[in-house]
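Structure record follows, encoded as structure tokens.
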Amino acid sequence: MAKGHTARLRYKYPLPIHPIDDLPDLIPQNPLSWAYWTYCYLTKVNYLKFRIPVEIIGQKYVHILVRNSYHMQYLWENGFFGTGQFSRSEPTWKNRTLERLNIGLTNTRINTLSNNTIPETLQLEEITKRRRMLRIEFKQQREKLEKQLLQLRKNNGSIEEEKELLEKEREMLRDFKAKQSLIDIEHSFNNNERLEDFELIDTNGNIIELEALELLPVEAIFLTFSLPVLNISVQELCSRLVPKPVQNIKYDDIQLLIRKYIVYHHYRSRGWCVRSGIKFGCEYLLYKRGPPFQHAEFCVLVLDAEESQDYTWYSSIARVIGGARKSLVLCYVHNELPEKNILQLWKSGNFTELFSKFNVGEIVYKRWVPGKNRD
Amino acid sequence: MDEKLELVRNNLVHYQQWEDVRVSPASFQWEGENIQLIIGKPSNSEREECVLPVEYSQYQESLLTTNLIDATFTNLVSEEFERIVLAIIGDDGTVVFYYITRGTSTI
């Protein structure tokens with residue numbers, strides 16, 4: 001599996017802290033190698049040597065953006081942080097657009113590949129799009145054959161005739177599916193340039209970097225409070241996230257943010273890759289390793305320890321999540337301190353103390369069908 | 001153009017590949033936020049859609065209520081549109097889209 005191998009190399013590190021694994025060989029009888037080894041050991045560090053700058057825009061609803069393409073790539077490759085604004089998750093908009101507008105890239109490599117290999121140059125979004133088109137094409141074909149069957153039934157055809165037609169239909173569909181390929185479907189794409197595409201090209205003929213990597217507020221807190229990655233202090237970041245003069249901040253302004261962060265930190269520090277669950281109506285998605293490796297296994301709902309909702313509320317979310325073949329985790333956050341002490345810790349900027357005053361408890365909610373789930 | 005309009009407009013034009021995308025000039029204020037529609041045509045479709053961008057945050061009260069949807073239909077959506085496309089902007093810039101149909105009035 002060449003693809004899995006490349007992904008494992010590319011996403012070698014689950015977080016932006018790296019073990020020091022490239023020390024030189026130590027030769028016991030050679031004192032010089034000792035000196036060099038010690039020098040390397042002392043000078044190497046396991047964290048990022050620079051801090052990544054962020055741009056925070058918006059007033060009430062803030063957007064935390066990383067614009068430098070190297071920084072964007074670094075955050076994606078070291079723990080899958082952030083989302084490309086015009087991509088499904090990894091910021092691939094620029095490459096997709098270059099390909100679509102035929103700038104700098106050629107498609108010749110794609111066409112020389114055999115039917116069932118997915119060209120390496122294709123971005124994930126493109127592959128999904130092509131798969132969808134294949135499915136539509138297949139369904140249209142099936143519909144055609146089903147119409148024939150219906151016609152036969154209307155004309156009072158015999159059971160033998162029907163069987164024969166069904167057999168033929170199955171065979172034809174099988175053949176059709178075998179012939180379909182991700183490569184050919186490309187030809188039916190409409191690749192025409194549109195008027196709007198010209199706004200993407202600057203005066204030198206280069207493409208404008210329209211896409212930024214956007215970080216969730218909790219991701220940004222994690223990358224500055226827990227790991228030294230972003231070029232902003234946690235105090236400054238939090239004052240931008242809750243844009244009110246300190247003396248006016250109430251418990252209600254900060255409690256949701258703290259609760260969401262506690263849960264984010266809880267799973268990140270236990271090795272899960274945590275990403276936004278907005279597409280499934282929950283707070284977070286948990287990936288064992290990350291989006292390129294497998295689908296998310298769990299959907300997390302963040303709740304207050306005392307919170308209780310109407311039953312239909314849980315059941316409707318669980319049904320959506322079950323439909324996407326994921327398990328729902330209800331994650332309850334318990335707060336050990338009275339509200340006014342929490343508020344005080346926030347105002348004094350003592351976030352380590354603050355975040356350590358919360359506990360997390362989890363329950364997996366699963367729909368059980370007696371006829372199907374016997375275990 | 002404010003951030004949310006710009007983000008959704010660019011998403012529709014440069015990610016979803018919609019055509020004839022334009023920001024409709026009419027607007028109204030709702031709890032301190034500007035509410036304005038984007039109109040455009042999805043690729044492979046003949047029909048224009050009205051898009052309502054709304055921001056959504058993990059830790060703040062959402063602006064999105066049925067009252068806002070009602071007010072939008074009353075103030076901004078012309079009779080020719082049966083439905084709007086709700087564009088919810090998550091706080092990592094992800095935009096999720098939902099149809100909301102006008103519905104019938106009973107009284």
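Any value given below was found using the heavy atoms of this structure, including those in side chains, with hydrogens, waters and symmetry copies removed. Residue numbers begin at 1 in each chain, while the letters A, B, ... track the order of the sequences.
Annotation for B:Glu82: atom CD does not count as buried by contact number, only 12 or fewer foreign heavy atoms lying within 6.0 Å. Other residues, nucleotides and ligands place no more than 12 heavy atoms under 6.0 Å from the CD atom of B:Glu61. Remark: A:Gln59 CD is loosely packed, at most 12 non-hydrogen atoms of other residues, nucleotides or ligands lying under 6.0 Å away.
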Exercise for the section: In sequence, state the C-alpha distance, the side-chain angles, and the governing distance for B:Glu3 and A:Lys60, and then conclude on salt bridge (charged side-chain N to carboxylate O under 4.0 Å, His left out). Expected result: CA-CA 11 Å; B:Glu3 291 110 27; A:Lys60 185 170 182 216; over 6 Å; no

Exercise for the section: Take A:Glu211 and B:His14, measure what side chain to side chain donor-acceptor pair (under 3.5 Å) needs, and give me the verdict at the end. Expected result: CA-CA 10 Å; A:Glu211 181 174 59; B:His14 298 299; over 6 Å; no

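Nearest heavy atoms, B:Leu7 versus A:Phe86: O-CE2, 3.7 Å. Scanning both residues, B:Tyr59 and A:Leu241, for their nearest heavy atoms gives OH-O, 2.7 Å.
A 4.5 Å side-chain heavy-atom check between A:Leu210 and B:Asn10 finds at least one atom pair inside the cut-off.
Both the backbone and the side chain of A:Arg88 come within less than 4.5 Å of a heavy atom in chain B. Contact of B:Glu33 with chain A is made through the side chain alone, with heavy-atom distances under 4.5 Å. Contact of A:Ser87 with chain B is made through the backbone alone, with heavy-atom distances under 4.5 Å. Only the side chain of B:Val96 comes within less than 4.5 Å of a heavy atom in chain A; its backbone stays farther off. A:Leu257 touches chain B through backbone and side chain together, each having a heavy atom under 4.5 Å away.
Distance alone, capped at 3.5 Å, places no donor-acceptor pair between the B:Tyr15 side chain and the A:Gln85 backbone. The backbone N or O of B:Gln58 lies less than 3.5 Å from a partner atom in the side chain of A:Lys260, making a donor-acceptor pair.
Ion pairing between B:Arg22 and A:Glu196 fails under the 4.0 Å rule for side-chain N and carboxylate O.
Side-chain contact annotation: B:Glu55 with A:His63, donor-acceptor N/O pair under 3.5 Å present.
The candidate with the highest count of non-hydrogen atom pairs below 4.5 Å against chain B, out of A:Leu200, A:Val218, A:Ile258, is A:Leu200.
The line from CG of B:Asp92 to CG of A:Leu216 is 4.5 Å long, rounded to the nearest 0.5 Å. The OH atom of A:Tyr61 sits 10.5 Å away from the CD1 atom of B:Ile89 when rounded to the nearest 0.5 Å.
When the heavy atoms of residues 274-287 of chain A are compared with those of chain B, the residues falling under 4.5 Å are A:Ser276, A:Ile278, A:Lys279, A:Glu283, A:Tyr284, listed by number.
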